[in-house]
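A, B, ... follow the sequence lines: proteins, then strands. Residue 1 opens every chain. Hydrogens, waters and symmetry mates are skipped; everything else that's a heavy atom, side chains included, is used.
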Amino acid sequence: MDQGPPESDMIDPNVVAQEPERVRDSLRRRNADEATLSEVDRLVALSERRRALVTERDNLNADRNRLSQQIGGLYKAGQREEADALKVTVQAGNARIAVIEEELATVDGERDAALMGLPNLLDARVPDGRSEADNVEVRRWGSPTGDGQTGESHVEIGTRLGILDLERATKLTGTRFWVLSGAGARLERALINFFLDLHVSQHGYTEVMVPYMVHRSVAEGTGQLPKFEKDMFRLAEPLNGQDVFLIPTAEVPVTNLHREEILEADQLPLKYAAFTPCFRSEAGSAGRDVRGLIRVHQFHKVELVWITTPEDADACHQALVGHAEKALQLLELPYRVMELCAADTSFGAARCYDLEVWLPSQGYREISSCSHFGDFQARRMQLRYRPAGEKKAKPRPAHTLNGSGLAVGRTLVAILENHLQPDGSVRIPAALRPYMGGVEAIGA
RNA sequence: GGAGGCGUGGCCGAGUGGUUGAAGGCUGCGGUCUUGAAAACCGCCGAUCCGAAAGGAUCCGGGGGUUCGAAUCCCUCCGCCUCCGCCA
């Protein structure tokens, strides 16, 4: 069923086997429970067992190979008797090999499953913290208006202007869906084009359009699976022989574009910008952000993805954040940059900055998450590169990064709320007007 | 949906049961030669796992089977191509 080389790894399995304390430290900083911590001990034992089995199996294989050659030689020499005697020996060895292979398959399976369920090692620079309240503000931009509580909400504004229709959306698919019409729909489309043009022509990204449904192994590559299956939508029937999931973000198909490849160092960094819809089940978030466009089952996003070298990754990460910030600045939306603390850093990330846009009705809300995955995703999808310089350098896992540039729906919300005029209309920021057919305000 | 063909290393392409991880070519890298370049010639050039190393194991789309031994035979899945039908 499954294609391609076996998925394995996540954090370097050798690190788990040889420096379990380092892994435990990272897990503790992430607020991991005891069950997860004990996985590390199990992993150490599993790795040892695996090594012993592999060694024995390889030795037996070597014996068999040698004897088989002898058998071939004996047959050619017409010495059937001797050959048949050797066959019996080999058959006995094969029986033992079969037993070992069986145990090895079990051990490998358990080890892989445990490994795939462990979150990434945290970057040492990530600040300690027990919750999102401990995230560290890095900088602010712009001048927020209002108190972040009593401002007119995008739902009220959009409905009043007749460009947002939440009620009719529920007739179609129920709650957490939306309908935009007229200038609202145009605004959504304008934002998509604005983001794409900005990043492609100003920031040097290559635009890509990708499938919105992916195989299970692809979602494992970026780390959504196996742990967060309930957050995704899965097709009822397998497609092309495999389970298929609706993408929760373009990160998934785009980062996996080069899975199982060995890239040359001079190809890096690879920078992709992709517009896609994103589908999220929002399991477990019942009751949160129930009204409006903030948390929905389907939304649009322009995602920025980098594939780079370990040496360059930090600088790339900073550049990525800057690119997302630029979009907010051009749209004249106040925001702050937060460095996430250990407990709030997501499963696959080693380090992460969130961009939070100011909403007069809600205060600061996440509008972009810029993550540095180190080699975590690259290991899971066997995405490697060959270091430059020395002749035959061994392939190494690449480093991957991604960030929203930006979440379109939330940007639309931010524009409605921040650029609301005293007369009830909404001003279109200058940078966006060319994409709005020159319109300067909605509802004026 | 029906019928047929194909799937080998970065690329092209040999190879139908035995010491082939795989001929040959191309590309790439190093060298000789050259003021430099080109050409020519020589050499090197896949990945993963175990091992301190020596060395060993595995991989010819994926999985399974036959066999002492499989790139080579069988089954199955996936992918690509061609023809017919259908839909856009």
Side-chain angles (χ1 to χ4, degrees), chain A residues 1-10 12-18 43-44 46-109 111-112 115 211 213-218 220-221 235 237-244 256-268 270 375 378-398:
Chain A
M1 284 292 269
D2 219 9
Q3 282 278 37
E7 295 297 324
S8 62
D9 315 355
M10 30 103 22
D12 189 337
N14 291 325
V15 171
V16 183
Q18 289 155 24
L43 236 11
V44 171
L46 246 16
S47 294
E48 267 170 34
R49 184 61 187 147
R50 175 180 174 277
R51 201 169 54 163
L53 289 169
V54 166
T55 301
E56 186 180 359
R57 193 265 322 264
D58 284 0
N59 287 337
L60 286 167
N61 275 345
D63 291 345
R64 187 200 54 199
N65 290 346
R66 204 175 312 115
L67 291 173
S68 286
Q69 281 188 20
Q70 284 181 29
I71 292 172
L74 289 171
Y75 270 126
K76 270 182 191 150
Q79 298 173 278
R80 292 204 152 269
E81 311 270 298
E82 292 82 343
D84 289 341
L86 276 187
K87 277 193 193 181
V88 176
T89 309
V90 177
Q91 276 163 340
N94 280 349
R96 174 64 189 152
I97 290 173
V99 171
I100 294 172
E101 292 277 12
E102 199 175 325
E103 189 186 345
L104 188 56
T106 306
V107 170
D108 264 342
R111 177 171 171 270
D112 256 29
L115 237 20
M213 304 179 189
V214 296
H215 284 156
R216 162 169 246 118
S217 55
V218 169
E220 285 172 347
L235 297 206
E237 299 295 333
L239 191 55
N240 294 327
Q242 284 185 249
D243 282 343
V244 169
N256 276 279
L257 235 27
H258 297 282
R259 78 195 326 267
E260 290 153 44
E261 291 184 26
I262 300 176
L263 302 167
E264 293 303 326
D266 60 19
Q267 294 179 258
L268 304 178
L270 253 20
D375 63 11
R379 283 182 184 282
R380 294 166 80 100
M381 63 178 78
Q382 279 154 303
L383 163 56
R384 292 165 293 172
Y385 78 102
R386 198 180 302 280
E390 308 323 307
K391 22 240 137 206
K392 34 185 177 190
K394 278 263 178 282
R396 302 161 66 193

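Within 4.0 Å of D84(A), counting heavy atoms only, lies no atom of the nucleic acid at all. Base contact: Q69(A) has a heavy atom under 4.0 Å from a base atom. Residue L86(A) is classed as having no contact, given no heavy-atom separation below 4.0 Å to the nucleic acid. Among the protein residues, N59(A) comes within range of no part of the nucleic acid, since none of its heavy atoms lies under 4.0 Å from any strand. R66(A) comes within 4.0 angstrom of nothing in the nucleic acid, heavy atoms only.
For R64(A), a side-chain nitrogen or oxygen approaches OP1 or OP2 of U58(B) to under 4.0 Å. Residue N65(A) places at least one side-chain N or O closer than 4.0 Å to OP1 or OP2 of A57(B). Side-chain nitrogen and oxygen atoms of R51(A) include at least one within less than 4.0 Å of the OP1 or OP2 phosphate oxygen of G51(B).
Nucleotides C75(B) and C86(B) are separated by 31 Å at their C1' atoms, to the nearest Å. Comparing C29(B) with A22(B), their P atoms are spaced 24 Å from each other, to the whole Å. Between G25(B) and C45(B), the two P atoms lie 15 Å apart (nearest whole Å). U16(B) sits 15 Å from G69(B) when the C1' atoms are compared, rounded to a whole Å. Comparing C60(B) with A71(B), their C1' atoms are spaced 5 Å from each other, to the whole Å.
Shown here, G9(B) forms no base pair; nothing in the strands shown gives a Watson-Crick or G-U wobble contact with both key distances under 3.5 Å.
Between R386(A) atom CZ and L268(A) atom CG the span is 12.5 Å, to the nearest 0.5 Å.
Distances were taken from every side-chain heavy atom of V54(A) (C-beta onward) to each of G69(B), A47(B), C50(B); the shortest belongs to C50(B). Of the candidates C50(B), G18(B), U48(B), the closest approach to any side-chain atom of N14(A) belongs to C50(B). If you check A57(B), C50(B), G69(B) against the side chain of R50(A), the one that comes closest is C50(B).
Residues N61(A) and R64(A) form a side-chain contact, since some pair of their non-hydrogen atoms from C-beta on lies under 4.5 Å apart.
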Please output the side-chain donor-acceptor pairs of residues 71-90 of chain A that fall under 3.5 Å, not counting sequence neighbours, one pair per line with the distance.
{"from": "Y75(A)", "atom 1": "OH", "to": "D84(A)", "atom 2": "OD1", "distance (Å)": "3.2"}
{"from": "Y75(A)", "atom 1": "OH", "to": "K87(A)", "atom 2": "NZ", "distance (Å)": "2.9"}

